[in-house]
Structure formats: C-alpha cells, structure tokens
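Step one of this worksheet: look at the structure below.
Lettering follows sequence order; numbering is per chain, from 1.
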Number of protein chains: 2
Amino acid sequence: MNDNSDATTGSYRLDDQVGFILRRANQRHLALFARDIPDLTPTQFAALAKLCELGQASQNALGRATAMDAATIKGVIDRLRKRGLVAARRDADDARRVHLSATDQGQQLYAALLPRAREISKETLAPLAPREAAVFLQLLEKLAGE
Amino acid sequence: MNDNSDATTGSYRLDDQVGFILRRANQRHLALFARDIPDLTPTQFAALAKLCELGQASQNALGRATAMDAATIKGVIDRLRKRGLVAARRDADDARRVHLSATDQGQQLYAALLPRAREISKETLAPLAPREAAVFLQLLEKLAGE
DNA sequence: CAGGAATTGTTCGTGTACTAACAGAAGTTG
DNA sequence: CAACTTCTGTTAGTACACGAACAATTCCTG
C-alpha cells in the first residue's frame with residue numbers, strides 16, 4: 001500500500017530513483033579519480049589501460065572494448081596521441097582501420113598509475129564492508145548488462 | 001594469493017573496476033531514459049522534478065538538490081526556461097538570487113511524464129530480482145555518499 | 001559602520017557522450 | 001562483375017560536468 005518502490009502506484013521521489021543515485025555515485029568516483037590521478041581522465045585511463053591489456057587494437061574496436069562510441073573514442077585517442085601515449089598508423093590489410101598501440105611512454109605511465117588506480121577502486125568502495133562490496137559489484141555488473 | 005580484489009597486489013582488469021562498471025550501468029540507464037522520454041534529458045527531468053517537489057528554489061539551491069554545480073544547473077535551467085517549463089525572476093529579498101518555479105506547463109509535463117519515469121526506474125532495475133534490487137539500491141546509496 | 005569573507009550567479013575552457021550524416025573501403029550476393 | 005550492404009573513421013551539433021576566474025551582493029565581525 002505504502003510501497004514507494006512500485007513502478008506505477010507509489011509516490012515518486014527523485015532522490016530514491018536508481019538513475020539519480022547512479023549519477024551521484026558516478027560523480028563521487030570521478031571526483032576521487034580526479035584527485036588521485038589529475039593528469040588523466042578516467043576515460044583516457046580506461047582507453048590506455050585497455051590498449052595495454054590488448055597490446056593493440058583498431059580505434060573502433062578499442063571503443064567497443066571501453067564502452068565508447070566511435071565519436072567519443074576518437075576525441076579520447078586524439079588527446080592521448082597528442083601527449084605521445086598512444087601511436088597510430090594506418091592498417092596495412094584494411095585501409096579503413098587505424099591501428100593503435102601504446103607507446104613506451106604510454107606503457108610506463110600506465111604501469112606507474114596502476115597502484116593509484118587500484119587505490120581509487122578501493123576508495124570508491126570504501127563506504128561498503130568487504131562483503132557488501134562483493135555483493136554490490138556482482139549486482140552492478142548485472143545491471144550494466146552486456 | 002590469487003585475489004584480484006586486493007588493491008595493491010592483484011592483477012588489474014579494467015572490466016572489473018567499480019568505476020568502469022558504474023559508467024556502463026549509467027550508460028544503460030541513460031539509453032533507457034532517452035528511449036522512453038526523448039523530449040527531456042535525465043538531468044532536465046531531475047531539475048524539473050525537484051522544482052515541482054520543492055515548489056520553488058533559488059538556482060544554486062536547486063543545483064545542490066539535484067547534484068549539479070552552479071555552471072551545470074545554469075545551462076539546464078536556461079534550456080527549461082527557453083521551453084517555458086520553468087519561470088525565473090529576481091528575488092526581492094536577495095538581489096543575487098534567481099527565484100525559480102515550474103510553470104503550469106512544466107507541472108503538467110512533469111505529471112504526464114511521471115508514469116514513464118517510474119517505468120524507467122523499473123526497467124533499469126529489471127536485470128535484478130526484486131530482493132536484489134532492494135539490496136542494490138541500499139548499497140548504491142551508501143556508495144554515492146552525502 | 002567599515003572592511004573582509006562568504007554566497008550567488010555568470011562566463012570560459014576542456015572533456016566526455018551521443019545522434020545524425022557522410023565518405024571511403026571491404027564484404028556479399030545475384 | 002556490379003549493386004547492395006556493412007564496417008571504419010570523421011565531422012557537426014547538442015547537452016552534461018567540472019574547475020577557475022569574476023562581479024555583485026550580502027553577511028559577519030571587529
């Protein structure tokens with residue numbers, strides 16, 4: 001009767017909606033990231049990290065691997081290239097593709113930032129007890145889909 | 001030993017990091033919102049909803065209530081005003097403040113969109129069982145902080 | 001009351017994020 | 001092989017999101 005979680009009957013409070021809280025949680029994480037790794041944005045770090053994991057990738061493929069669309073990954077890669085962290089060359093087999101790889105400098109930076117990246121994940125989850133954090137991650141993963 | 005959740009020792013996989021999954025979950029929600037309510041962005045809806053909840057507010061106060069900084073809320077309010085959903089006037093008591101309120105049109109739109117907004121929250125949580133959703137929301141709230 | 005501090009709103013610059021439209025290359029099929 | 005389709009990357013436009021700097025106003029405190 002008094003169930004606010006009902007999708008059609010209960011009252012609607014913005015502060016209780018998943019989307020709104022999700023946005024705030026994301027904001028908190030972004031703030032932690034910016035504080036601990038000021039020289040790279042989370043998105044840039046994600047692209048660099050994934051590229052280091054994969055070794056190499058085409059631009060759009062890297063975008064898919066990091067959940068960025070073609071337009072977004074382009075800007076991110078442009079900035080990483082301008083800073084000499086990522087190298088790009090035209091693919092020999094497929095003239096459409098841009099072949100990407102992390103430069104030595106990019107790999108070194110990635111390695112150097114790894115401890116801080118781990119810290120950020122830890123700090124982000126700090127409000128939760130270890131058990132809670134594990135449960136949360138599992139449910140969040142489900143929610144993210146794909 | 002083989003614990004990937006350890007913040008200083010384990011291996012680092014981008015796909016397992018809170019921040020990355022949080023971003024993907026947010027993306028999924030944004031896509032659902034855009035599909036079900038194409039005429040308003042989630043942020044615009046949040047501002048309108050909060051303003052309807054509160055009745056009235058100054059611009060920065062509304063920003064705080066919706067987790068937007070001064071620069072962001074300004075743009076959002078500008079767009080809502082341009083569409084006649086929100087009215088603004090200089091505050092009589094405090095010449096700095098912009099007094100905001102939802103217009104009749106704004107309130108009607110808000111009321112009309114409410115069922116869809118509820119649906120979006122429901123759809124967002126759809127990958128989770130009801131029990132899981134409840135747990136998730138609680139943990140997410142903790143994570144968002146403040 | 002005077003002068004410093006805090007608040008309110010604005011502007012600028014940078015960086016995601018997505019849609020839509022496009023060109024060129026590669027793959028598929030009749 | 002020619003037409004169609006798909007895939008790759010690019011560009012333009014809109015909308016958050018935040019830091020930094022700023023002017024005007026109000027508050028606070030000596």
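- Distance check, rounded to the nearest 0.5 Å: CG of A:Leu48 to CD of A:Glu53 gives 10.5 Å.
- To the nearest 0.5 Å, atom CE of residue A:Met68 and atom CD of residue B:Gln27 are 8.5 Å apart.
- Computed from coordinates, the A:His99 NE2 to D:dT8 P distance equals 15 Å when rounded to whole Å.
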Determine, for nucleotides 1-7 of chain C in 5'-to-3' order, which nucleotides have protein heavy atoms under 4.0 Å from the base (write B), from only the sugar-phosphate (write S), or from neither (write -).
------B
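- In this entry the distance linking CG of A:Asp94 with P of C:dG27 reads 6 Å, nearest Å.
- Rounding to whole angstrom units, CZ of residue B:Phe45 and P of D:dA15 are separated by 18 Å.
- Taking CD1 from A:Ile120 and CZ from A:Arg116, the interatomic distance works out to 8.0 Å, rounded to the nearest 0.5 Å.
- The aromatic rings of B:Tyr110 and B:Phe45 sit tilted relative to each other, their planes meeting at an angle between 30° and 60°.
- Through direct or relayed side-chain contacts under 4.5 Å between Ile, Leu, Val, Met, Phe, Trp and Tyr, B:Val18 connects to A:Val18, A:Ile21, A:Leu22, A:Leu125, A:Leu128, A:Val135, A:Phe136, A:Leu137, A:Leu139, A:Leu140, A:Leu143, B:Ile21, B:Leu22, B:Leu125, B:Leu128, B:Val135, B:Phe136, B:Leu137, B:Leu139, B:Leu140, B:Leu143.
- Here salt bridge (Lys or Arg N to Asp or Glu O under 4.0 Å) pairs that include residues 78-92 of chain A, with residues two or more places apart or in two chains, are A:Lys74-A:Asp78.
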Which atom pairs, donor and acceptor, lie under 3.5 Å between side-chain atoms of residues 29-41 of chain B and protein residues at least two apart or in another chain?
residue, atom, partner, partner atom, Å
B:Arg35, NH2, B:Glu123, OE1, 3.3
B:Arg35, NH2, B:Glu123, OE2, 2.6
B:Thr41, OG1, B:Gln44, N, 3.1

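- What separates CZ of B:Arg89 from C1' of C:dG9 is a distance of 17 Å, to the nearest Å.
- Straight-line distance from the CD atom of B:Gln44 to the P atom of D:dA17: 11 Å, rounded to whole Å.
- Between B:Asp93 atom CG and C:dT8 atom P there is a gap of 14 Å when expressed in whole angstrom units.
- Within a heavy-atom distance below 4.0 Å of DNA chain D, the residues of residues 20-39 of chain A found are A:Arg23, A:Gln27.
- Considering CD1 of B:Ile73 and OG1 of B:Thr66, their distance stands at 4.0 Å, rounded to 0.5 Å.
- Each of A:Asp69 and A:Pro42 lies near DNA chain C, and the nucleotide nearest A:Pro42 is the one positioned closer to the 5' end.
- If you take CD on B:Gln108 and CG on B:Leu113, they are separated by 11.5 Å, rounding to the nearest 0.5 Å.
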Mind listing the N/O atom pairs, protein and nucleotides 10-14 of chain D, below 3.5 Å?
residue, atom, partner, partner atom, Å
D:dT10, OP2, A:Gln59, NE2, 2.8

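- Side chain of A:Arg23 to backbone of B:Ala67: a donor-acceptor contact under 3.5 angstrom is found.
- Residue A:Thr41 has a polar side-chain atom (N or O) positioned under 4.0 Å from OP1 or OP2 of C:dT16.
- B:Ser58 places no side-chain N or O within donor-acceptor distance of the main-chain N or O of B:His99, the cut-off being under 3.5 Å.
- Rounded to an integer number of Å, the gap from CE of A:Met68 to C1' of C:dT16 is 9 Å.
- Look at B:Thr43 and you'll find a side-chain N or O under 4.0 angstrom from OP1 or OP2 of D:dA17.
- Base contact: B:Thr72 has a heavy atom under 4.0 Å from a base atom.
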